[in-house]
Amino acid sequence: RMLVDNNEMETITVSLILEDVSVDVSLLMALDQDLMGDLKLGSILNTKHIFSCLLSTIHSVGLSEFLMDIGDIEEFSISGFISEETNESVQSITEAIFGEYKTMVLETIPAFTSTTIRPILHGILQALVDTARDDGECPEPDGSLDGILDFRDLFLSEERSLELLGQGDSPYGNLFRLLYNLLKDLMSESDENGLSKLNEFLVAPLTKSQSGVEGALKFNGTLLDLNKAEVAQDIWKAFADNLRLTMSDLTITGLDTLRSPVKVLNPISSFAHLIENQLSLGIPSKPLDASIQFEIEVGDATSPLATNNVMDLQLSMPTMEVLFTILATVQESRFMKFPLKDILNFSCWLSMIPVSDKSSTIDVGLAMHYLDVLLEQGIEAKTACVSCSNSWLEDFNSILDFLDKNQFISGLKTRALEIVSDIMQGDWVQGMVDKQITAASHRCPHDPAFGSLASDLTTYPSFVGTRTLVDGILYAAFPLAQVIAVVLAQKHSDLDIALPAQIELDVPEGANLIDLTDLSSIAGWADMALEEARSYFGGKGESGDLGITTLMKTVVLDDNGLLTIPFDDIGFEAGGVKLSLYNVTLIGLDSFTLFDVLKANGSNKFGNSVNLQRLGVTLEMGLSVENSILVDDDQMETVTVSLILKDVSVDASLLMALDQDLMGDLKLGSILNTKHIFSCLLSTIHS
């Protein structure tokens, strides 16, 4: 600008436009790795400090080459003079010079830039580095920040933070705000299939680094192991002496099907330490799949309930929407002093969060605050036997199809999601998270606990069954048991009744066995006594009832015709769930219509035929769940399981190797108490 009359300024414009420009630059830098690594995150949270902080890590810098080559000068002009004569004169001289010397100027540009311009730029770079290093323009982290990180102020603009009741004064600079905005832009972008760009830039590489497969996560090994290794009561040992349920090898695929829009790390109004997330996953051509292996083991080979089944459970979800809110209390001081050398160390990020503390008046730690899963198109379940001792499990998919048609699977899905939500927000998962946070401190190089051994004295909560888990298991178990019974019946529907099994009795050599067809060999009255007993028990009396019915009503049954057997301190307890057996009630023992027993069909065989109008059993059990809000901890809720059959007919042939000598050696005093008679008789049977 040039001063003219009345103190006005005239505007002069100088314009230079080059064509086909080529620049070669070689920059020498002595970057100190230790200085770079020791830079604190708090020093560069404000982007205006990043350049000066980077310069402070450079010992020396040099411009060893600066070479410019120009193909042509498109325009060089000077204009704007008030005097038209001056404008024309300057333009005329410029055109004359360019007409005469343009070619020469273009040819000398490389030499001019390499010999004259390079040293000038070299000196400027040196001065910038020296100034940054000497004047200390890279600031130290703000030491006044010693509380808990506020995600509203970290990610949002000052105005938006204030709207959500944050401080709104940018205490953490603007770096993470810019990164968060870039992330939001990336989350809003999608491809032609509606899939978010995050799949390509974030999900695919992260999952591949964990599992080796893009879009998949794999958690190998045992994830859950519930084991009842020893059963104290003999009555339970008669059925099974151990019970074990394990879950392992969880694989999730299709995680790279995030659909736009995606909501991640979204701060919430009025809550400084909560971040909200919403993810939509799955497309028709690539659903979200999950598979897990589970094993159920009951008893050993000698148990009547023996089973050992290892199965794969596969779940396929065409679409799924996950909404979850995470609580994370990051320490401001640790965040501000975070060294850049550990920026890619996940353990260091995790170690900034303290472990949970139930005694604290405020929530601290890392926890799942809220979880909800929506499955718009339902869920498809399939199973496959890996190793099944029960062959009917090979047809388990047909059972699932039947249950799905009767809305059982949809109900189970709802309960399963509630169970997952409860578990994720429960003490067991929180304990595992706290354990990982503690371990992370020992793996982070700049953490005070780095390198030391983790204490084995810390105890973390064990798995405790929740009310929803128990209800879900009961909801699933009883319909499954009924359907399995139907499947077993179907498998036998085309089979003929089996012939009597050929059993070889295990009898010691030289044993003197009783011939059941000739009991008179023991005592002359034995055959007659047995026949009289059979006639009495199987014949009708004056009341019209069989003798066995009269005896049962008189001696054994109560006024309602029931036989109730009480049990004390018989139960099963695991994972905070206790199941106790109170009573076993036998029903129908007053409804005999045929009682033809102990009919000798061979020297070692008794034939038995019994008919009843009804026969049933009722189990009365107590159930309690630790910390249940429905029932007090010291109170058991009563669960009754009842099965009553009609028109029951039983034919049984019993082979017995009764030792006559052992029978004869029994002492009268051993059987004076009637409760000992049965056990004493059993002691005379070899097989």
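Using a 4.5 Å cut-off on side-chain heavy atoms (C-beta onward), Leu183 and Leu198 make contact. Side-chain contact between Val386 and Asn309 is absent, with no heavy-atom pair separated by less than 4.5 Å. In this structure, the side chains of Leu156 and Tyr180 come closer than 4.5 Å at one or more pairs of heavy atoms. Residues Leu315 and Asp289 form no side-chain contact, since every pair of their non-hydrogen atoms from C-beta on lies 4.5 Å or further apart. Looking only at side-chain heavy atoms (C-beta outward), Leu195 and Ile283 come within less than 4.5 Å of each other. When side chains are defined from C-beta on, Ile50 counts as touching Leu175, because their heavy atoms get closer than 4.5 Å. With a 4.5 Å cut-off on side-chain heavy atoms, Ile437 and Leu366 count as touching. Using a 4.5 Å heavy-atom cutoff, the side chains of Val429 and Ile423 are in contact.
Checked by atom type and distance alone, the side chain of His273 pairs as donor or acceptor with a backbone atom of Leu149 at under 3.5 Å. A distance-only check finds no donor-acceptor pair linking the side chain of Trp349 to the backbone of Leu344 [under 3.5 Å]. For the pair Thr207 (side chain) and Val203 (backbone), a donor-acceptor distance under 3.5 Å is present. Checked by atom type and distance alone, the side chain of Asp153 pairs as donor or acceptor with a backbone atom of Gln167 at under 3.5 Å. At least one donor-acceptor pair under 3.5 Å links the side chain of Asp249 to the backbone N or O of Gly221. A donor-acceptor pair under 3.5 Å is formed between the side chain of Gln210 and the backbone N or O of Lys218. Between the Arg152 side chain and the Leu165 main chain, a donor and an acceptor come within less than 3.5 Å of each other. Judged by distance alone, with hydrogens and angles left aside, the side-chain atoms of Asn46 form no donor-acceptor pair with the main-chain N or O of Ile44 at under 3.5 Å. Looking at Ser43, its side chain does come within 3.5 Å of a backbone N or O of Pro139 through a donor-acceptor pair. Under the 3.5 Å distance criterion, the side-chain polar atoms of Thr257 are matched with a main-chain donor or acceptor of Gly282.
At a cut-off of 3.5 Å, with distance as the only test, no side-chain donor of Thr325 or Glu276 sits close to an acceptor on the other residue. Between the side chains of Ser356 and Asp434, a donor-acceptor pair is found at a separation under 3.5 Å. A donor-acceptor contact closer than 3.5 angstrom is absent between the side chains of Thr319 and Arg259.
Contact record, Ser196 with Asn199: O-ND2, 3.0 Å, taken as the closest heavy-atom pair. Looking at every heavy atom in both residues, Met424 comes nearest to Met368 through O-CB, 3.7 Å. Pro354 and Thr329 get closest at one heavy-atom pair: CD-O, 3.0 Å. Annotation for Gly166 and Asp150: closest pair CA-OD2, 4.3 Å, computed over non-hydrogen atoms. The two residues Leu281 and Gly254 make their nearest non-hydrogen contact at CD2-O, 4.4 Å. Of all heavy-atom pairs between Ala328 and Ile353, the closest is CB-CD1, 4.4 Å.
The aromatic rings of Phe335 and Phe176 are tilted relative to each other, their planes meeting at an angle between 30° and 60°. Ring pair His369/Phe271 is tilted by interplanar angle, where 30° to 60° counts as tilted.
With respect to the salt-bridge test (charged N to carboxylate O, under 4.0 angstrom), the residues Lys286 and Asp256 qualify. We find that Lys40 and Glu140 are not joined by a salt bridge, their nearest charged nitrogen and carboxylate oxygen being 4.0 Å or further apart. With respect to Glu163 and Arg160, a salt bridge is recorded, a charged nitrogen being found less than 4.0 Å from a carboxylate O. Salt bridge Lys197/Asp191: absent, no basic N to carboxylate O contact under 4.0 Å. Using a 4.0 Å cut-off between charged side-chain N and carboxylate O, Glu332 and Arg334 make no salt bridge.
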Working note: Cys138 + Leu39, criterion side chain to side chain contact (heavy atoms under 4.5 Å, CB included); need CA distance, chi angles, decisive distance, verdict. CA-CA 9 Å; Cys138 183; Leu39 278 179; 3.9 Å; yes
Given Asn266 and Ile268, is the side chain to side chain contact (heavy atoms under 4.5 Å, CB included) satisfied, shown in steps? CA-CA 7 Å; Asn266 190 48; Ile268 301 176; 5.7 Å; no
Audit row: Ser351, His442, side chain to side chain contact (heavy atoms under 4.5 Å, CB included) steps and yes/no: CA-CA 9 Å; Ser351 68; His442 297 274; over 6 Å; no
Go through it in stages, so that I can follow the logic: the residues are Met621 and Tyr582, the test is side chain to side chain contact (heavy atoms under 4.5 Å, CB included), and I'd like the CA-CA distance, side-chain angles, deciding distance and then a yes or no. CA-CA 5 Å; Met621 298 174 288; Tyr582 290 158; over 6 Å; no
Between Glu158 and Ser170, is the side-chain hydrogen bond (donor to acceptor under 3.5 Å, both in side chains) condition met? List the steps. CA-CA 6 Å; Glu158 294 182 354; Ser170 296; 2.8 Å; yes
Before you tell me yes or no, could you show the steps for Asn174 and Thr47 under side-chain hydrogen bond (donor to acceptor under 3.5 Å, both in side chains), namely the whole-Å CA-CA distance, both residues' side-chain angles and the distance that decides it to 0.1 Å? CA-CA 7 Å; Asn174 63 345; Thr47 53; 3.1 Å; yes
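Enclosure of atom CZ in Phe51 is not indicated, since only 12 or fewer non-hydrogen atoms of other residues, nucleotides or ligands lie within 6.0 angstrom. Annotation for Phe346: atom CZ does not count as buried by contact number, only 12 or fewer foreign heavy atoms lying within 6.0 Å.
Atoms CG and CZ, from Asp422 and Arg415 in turn, are 12.5 Å apart once rounded to the nearest 0.5 Å. How far OG1 of Thr253 is from CG of Leu255: 7.5 Å, rounded to the nearest 0.5 Å. Rounding to the nearest 0.5 angstrom, the gap separating the NZ atom in Lys337 from the CG atom in Leu41 is 13.5 Å. Taking CD of Glu189 as the start and CD of Glu200 as the end, the distance is 10.5 Å to the nearest 0.5 Å. Here Leu371 contributes atom CG and Leu323 contributes atom CG; the two are 8.5 Å apart, rounded to the nearest 0.5 Å. In this structure, CG on Leu340 lies 8.5 Å from CG on Leu54, to the nearest 0.5 angstrom.
The disulfide bond (SG atoms under 2.5 Å apart) contacts involving residues 309-348 comprise Cys348-Cys444, where partners must be two or more places apart or lie in separate chains.
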